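These notes concern the structure reproduced below.
These numbers come from a predicted model, not from an experiment. Just the heavy atoms: all of them, side chains too, but no hydrogens, waters or symmetry mates, feed the values below. Protein chains get the first letters and strands the later ones, always in sequence-line order, with residue 1 at the start of each.
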Amino acid sequence: MPSSTGHKKLNRRKFLADTAKTACGVGLFGLALGMYGKAASSLPATAIRPPGALAEDKFLAACTRCGLCVRDCPYQILKLAEFGNDNAATGTPFFTARTGPCEMCEDIPCVPACPTGALNHSLIDINKARMGLAVVIDQETCIAFQGLRCEICYNVCPLRKEALKLEYRPNKRSGHHALFIPVVSSDACTGCGLCEKACIMEEAAVKVLPVHLAKGELGKHYRLGWNQKGKQGKSLVTPDTEHRFNLPEGVEYDYYGKGLIDKRQTPLTQPGPQVEKTPFSSNPLDTLNKGFKEVK
Amino acid sequence: MPVTPLNQLGREAIAKKGWFTAHKFLLARRAVQLAILGLFMLGPIAGFAILKGNLSSSLFLETIPMTDPLLFLQMLAGGFFGIASSAIIGAALVFGFYLLIGGRVFCSWVCPVNIVSDTAHWLRRRLGIKGKTKISPNTRYWMLGLVLVLAFVTGTMTYELVNPVSMLHRGLIFGFGFGWAVILGVFLFDLFIAEHGWCGHLCPMGAFYNLVGKTALVRVHAPRRDLCDDCMECYEVCPEKQVLPAALKGAKDNKPPIILSSDCTNCGRCVDICGVNVFEFGLRFDAKMEACSKLDTGDYVKNQA
């Protein structure tokens, strides 16, 4: 029947047109959302995830943004990112070290609170958490580098002497004091941010950064000779021939502190008569004033 | 009986049943919606948590976990398989609940956006806004597909960045930021652009719960459909009016007097608004029995045989 075929055709055409319209609309929305998602899922460096958080890309797939970790944090430092206010992905938990650092509870209540495991439940020792890495980021203004005693970051560090050590360096300005320089070890630092919170400066000189921003990484092919030597017990390449100075026969050089060793009958470095042989007086002033005297 | 003019909407039901009965399910829904929100907010406000978290994932009385099954699917689509047990149990519990009670019961009894879109619809009627952009209600299934595809492609729950449902609920409990702008967008969209635009056509969560509720037990019945006087009030208040004809006017096509479409949100507004009590809540299996007993002509029974 021509009429029914025509009717059917129109329906099919309409169906296809409608489907295409919907698909296009939804597709465009999806594209925009995907683009926005790309931009919105880059975590700002100051926003730190709770302890045990998976790597950021996995975390964003696993976190339901329920806020149970926020509720179970006894110090209430965690916050769910607000749309448009915080640049972390909407609804995901974070804390800001400068205003509210992680207090490193021994039982880590926020971790088991996570229903999905976005905060990895296998973290049971808070000292093994790696929320970020503290970096003494401004060594120009940190007052320890000015030779002033501060050490507040060192004193508040929950892993003092492991994560944050003090290193003594000579104070070249005064010439006779020490600088007490805070030095962070990435092996032990949990990134809790207590040091950043405590920093007495107007803007903290020590800051917790995401590990990927704070750490360099040596090329995978790179081997440090002395480490390899230690592992193997010997040098892996042909041992270097011992360096020799072009010294007269009977004279040796000791590398470990003694310096020049003269084993000859009349050593080169013998004091006394040899001094006489030089054209200079033993008193440097004589040398300096030599010309004046002659003019006079 | 002629079609009830919009300004007379609900008058008959109020006159016959009293105001309270004529708003029974509306009040019950608002009470449930606000109670759920209240229980979540009790923790941060009073320090005593009955429900902790938000609709995405929560903990009831510190023991029973609940997780939105659509989020659970997004986790899987995003490539996260090491899901901890409480999210698995929680998603199963929520899924099972809506499987029995009716998927879109979430939309009308739990979802906080329902209050926003109902307000938009009420205002739309009050202001006499007629403009309608035609969007297919099936668009929501495309949206649902998009949500899962986006999670798969980006490896994160991308839709959760803008999901108005979780944004509103989380915003009220944990702080909004500029999330209110998204909710305002939904409100204005429903008010000026498309009637029941968001909840009835686009929301992927609605689409998901729609699928969950395909076989749900609790259904709205129309056992007294022979009393229907064509006032069209139920059509005016129903958020998914395409579900009504089969149950209400299906007698001549031998369709049982039950709303079987999973589009139905079990909101009960049709039960409230009907002046002649055509509708009531019941179970899925009651349909045939009721049909036999109510249709005194026996046509339905004959045609079934």
Task: chain A contacts, top residue of B/Val182, B/Thr154, B/Val162, B/Asp68 (heavy-atom pairs, under 4.5 Å) - done: B/Val162
TODO: Could you look at B/Phe176 and say if it's the side chain, the backbone, both or neither that has a heavy atom under 4.5 Å from chain A?
DONE: backbone
- [ ] Check whether B/Leu161 gets within reach of chain A through its side chain, its backbone, both or neither, counting any heavy atom under 4.5 Å.
- [x] both
Task: Part of B/Leu71 within contact of chain A (heavy atom distance under 4.5 Å) - done: side chain
Open item on the list: Under a plain distance cut-off of 3.5 Å, with no hydrogens placed, do B/Arg29 and B/Asn114 share a side-chain donor-acceptor pair?
Closed with: yes
Open item on the list: Does either side chain, that of A/Asp187 or that of A/Ser185, offer a donor lying less than 3.5 Å from an acceptor on the other one?
Closed with: no
Open item on the list: Heavy-atom pairs under 4.5 Å with chain B: which of A/Asn85, A/Leu68, A/Val70 has the most?
Closed with: A/Leu68
TODO: Pick one of side chain, backbone, both or neither for A/Asp18, based on which atoms fall under 4.5 Å of a heavy atom in chain B.
DONE: neither
Open item on the list: Distance alone, cut at 3.5 Å: any donor-acceptor contact between the side chains of B/Glu240 and B/His196?
Closed with: no
Open item on the list: Heavy-atom pairs under 4.5 Å with chain A - which of B/Ala181, B/Gly78, B/Gly175 has more of them than the others?
Closed with: B/Gly175
Task: Output field: ring centroids B/Phe178/A/Phe83 closer than 6.0 Å - done: no
- [ ] Would you give the length of the straight line joining atom OG1 of B/Thr119 to atom CZ of B/Arg124, rounded to the nearest 0.5 angstrom?
- [x] 14.0 Å
TODO: Can you tell which part of A/Arg65 gets under 4.5 Å to a heavy atom of chain B, answering side chain, backbone, both or neither?
DONE: both
TODO: Pick one of side chain, backbone, both or neither for A/Cys69, based on which atoms fall under 4.5 Å of a heavy atom in chain B.
DONE: neither
Open item on the list: Could you tell me if B/Glu160 and B/Ser166 have a donor-acceptor pair between their side chains, going purely by distance under 3.5 Å?
Closed with: yes
TODO: Against chain A, label B/Thr139 side chain, backbone, both or neither, depending on which of its atoms sit under 4.5 Å from a heavy atom there.
DONE: both
Task: Among the listed options B/Pro65, B/Gly53, B/Ala91, B/Gly43, the residue most often paired with chain A at heavy-atom distances under 4.5 Å - done: B/Gly53
TODO: Select, from A/Asp86, A/Asp72, A/Thr92, the one with the greatest count of heavy-atom pairs under 4.5 Å involving chain B.
DONE: A/Asp72
Task: chain A contact via B/Ile135 - which portion, at a heavy-atom distance below 4.5 Å - done: neither
- [ ] Output the distance between atom CG (B/Leu76) and atom CD1 (B/Ile83), rounded to the nearest 0.5 Å.
- [x] 4.5 Å
Open item on the list: So for A/Leu33, is it side chain, backbone, both, or neither that comes closer than 4.5 Å to the heavy atoms of chain B?
Closed with: both
TODO: Would you mind telling me which of B/Trp142, B/Phe174, B/Phe72, B/Trp180 has the largest number of heavy-atom pairs within less than 4.5 Å of chain A?
DONE: B/Phe174
- [ ] Might you work through the salt bridge (Lys or Arg N to Asp or Glu O under 4.0 Å) test for A/Arg49 and A/Glu56, ending with a clear yes or no?
- [x] CA-CA 9 Å; A/Arg49 295 289 183 211; A/Glu56 185 64 9; 2.7 Å; yes
TODO: Counting only heavy atoms closer than 4.5 Å, note whether B/Val147 contacts chain A via side chain, backbone, both or neither.
DONE: neither
TODO: Under 4.5 Å heavy-atom distance to chain B, tell me which part of A/Ala113 shows up: side chain, backbone, both or neither.
DONE: neither
Open item on the list: Keeping B/Lys52 on the side-chain end and B/Leu59 on the backbone end, is there a donor-acceptor pair under 3.5 Å?
Closed with: no
- [ ] Go through the atoms of B/Tyr159 and report whether side chain, backbone, both or neither lie under 4.5 Å from a heavy atom of chain A.
- [x] both
Task: Main-chain N/O of B/Pro137 paired to B/Arg140 side chain as donor or acceptor, under 3.5 Å - done: yes
Open item on the list: Please check this pair: side chain of B/Asn54 against backbone of B/Ser56, looking for a donor-acceptor N/O pair closer than 3.5 Å.
Closed with: yes
